[in-house]
Protein chains: 2
Amino acid sequence: MSQELTDHLQTNIQLSEEDALRISARFKVLKVKKKFILLDEGASCHHIYFVSKGCLRLYFLKENGTEQTTSFALERWWLTDFTAFQNQNNSAYSIQAVENSEVLSIDYQGFENLLAEFPILERHFRIIHQRANAAAQTRIRVLYEYSREHLYHQFVLKYPGFVQRVPQYLLASFLGISPEYLSEIRKKTFS
Amino acid sequence: MSQELTDHLQTNIQLSEEDALRISARFKVLKVKKKFILLDEGASCHHIYFVSKGCLRLYFLKENGTEQTTSFALERWWLTDFTAFQNQNNSAYSIQAVENSEVLSIDYQGFENLLAEFPILERHFRIIHQRANAAAQTRIRVLYEYSREHLYHQFVLKYPGFVQRVPQYLLASFLGISPEYLSEIRKKTFS
DNA sequence: CGGATCGTTGATCAACTTCAACGGTCGTGG
DNA sequence: CCACGACCGTTGAAGTTGATCAACGATCCG
């Protein structure tokens, strides 16, 4: 039973406390330590995850062997490899805990059942996904619009607290730059 | 009344022909010529668009004055600046017809009313948006994973017919490269 | 036919990567 | 609690990728 999930469920729709609890009970609670791997690239992706505490990251292995982080998920974010989840095939990404975290998970069938039993949730997830889409549009835009250096400065301005929470090499990976270059950028900034 | 829309609406949900027609009737039909601008950057974004025939593009103006295309929408795709649409404020993008097109549009309030009257549509759009999210995840991934040159080759392989439909400078813009560099890539390819 | 737009070419330049090396720090086992 | 090793961040040199600018040829359309 997670307070974060029941709160979250009630943000977009009218849902009784009872129903919120009944829904919340369908999720499995995972308490994971920093660096724990929830989903391994190549494994079948049956679950969707909700972060109730902590932080996860989604990443994959590039041809040159380095890890490329494509997203972080903080409290109250949903995360999975949506392509694999929908099509019920193997994941092209891994998911790892960046901090000690509490994560709720539900598998594909459980999720479908939930939507069938509580059709009001269709609206909730329609809104969640529509917003995620808006965010993705913006994300793609800034990748086109700005230099990597500018991207770093923007990120620090936008998420000042978050920069402290992740090691620098993960931030570099997320921004799509080498740790060395990020180091150079930071040096420039402070001098 | 658009055959494309009624067909599209019936792909994810059970919907009677009558209801499909009744829904479809709420959309305004726009027949636009190539290069016609449906939405102008900075204008208020009240509508969401469904492409029934032809092709649209979403783009914005970069600081250096060049246009950056971030997506194309082909038949049966939904398109808008989702951030602006949701929040009912001004658009950060423009939308232009790439070819002579037929487009259906509905404004924010009309869309909300439709969802209220036909709640089954929540499911339809939940699925549409979930899929769009999966696509965005993949899009972001390839932007990180591959060189611009590789991106071009992949694109040609994946959408061989589409490359013929758009002028080369728009393709370059979408790939995030200069027309000159695209020209160079093509030269290398054929020699 | 004439003008504007589009694609190409080559030269120079900026952004960012790669590699190798070094110093600091953190956590773990003795 | 200390010592050691692994990992992390930094530095500098050399190399790549792709942008920018200017000029020219081709093509499309009125």
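What you see is a predicted model; the values in this text were computed from it and never measured. Every chain is numbered from 1, with letters handed out A, B, ... down the list of sequences.
Nearest nucleotide to the side chain of B/Lys35, out of D/dG9, C/dC6, D/dG18: C/dC6. Side chain of B/Asn64, nearest nucleotide from C/dT8, D/dT10, D/dT20: D/dT20.
Taking atom NE2 of residue A/His150 and atom P of nucleotide D/dA19, one finds them 18 Å apart after rounding to whole Å. A/Tyr169 has its OH atom 10 Å from the P atom of D/dC7, to the nearest Å. Straight-line distance from the CZ atom of B/Arg186 to the C1' atom of C/dG7: 9 Å, rounded to whole Å. Rounded to a whole Å, the CD atom of B/Glu63 is 16 Å from the C1' atom of D/dA19. A straight line from CZ of A/Arg148 to P of C/dT17 spans 7 Å, rounded to a whole angstrom. Between A/Lys62 atom NZ and C/dC16 atom P the separation is 14 Å, expressed in whole Å. Taking atom CD on B/Glu149 and atom P on D/dA19, their separation rounds to 12 Å, with Å as the unit. Atoms CG (B/Leu151) and C1' (D/dT17) sit 14 Å apart, rounded to a whole Å.
Between A/Lys187 and D/dG12 there is a side-chain N or O to OP1 or OP2 distance below 4.0 Å.
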Base contacts versus sugar-phosphate-only contacts with protein, heavy atoms under 4.0 Å: please encode nucleotides 21-29 of chain C as B, S and - from 5' to 3'. ---------
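A ring-ring contact (aromatic ring centres under 6.0 Å, His included) with A/Phe174 is found for exactly one of A/Phe162, A/Tyr59, A/Phe155, namely A/Phe155.
Checked against the 6.0 Å centroid criterion, the rings of A/His8 and A/Trp77 do not qualify as a close aromatic pair. Aromatic pair A/His124/A/Phe118: ring centres not closer than 6.0 Å.
Side-chain atoms of B/Phe27 and B/Leu114, non-hydrogen and from C-beta on, do get closer than 4.5 Å to each other. A heavy-atom distance below 4.5 Å is not found between the side chains of B/Leu175 and B/Arg148.
Residues of residues 174-184 of chain A having a heavy atom closer than 4.0 Å to DNA chain C, listed by number: A/Gly176, A/Ile177, A/Ser178, A/Glu180, A/Tyr181.
With B/Tyr93 as the aromatic partner, A/Arg141 meets the cation-pi criteria of under 6.0 angstrom to the ring centre and within 45 degrees of the ring axis. Figure legend: B/Arg26 and B/Phe111 shown without cation-pi pairing, the cationic atom not lying both under 6.0 angstrom from the six-membered ring centre and within 45 degrees of its axis.
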Could you please spell out the steps behind the side chain to side chain contact (heavy atoms under 4.5 Å, CB included) verdict for B/Glu67 and B/Arg57? CA-CA 11 Å; B/Glu67 292 178 355; B/Arg57 74 183 179 109; 2.6 Å; yes
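Ring planes of B/His129 and B/Phe125: tilted class, angle from 30 to 60°.
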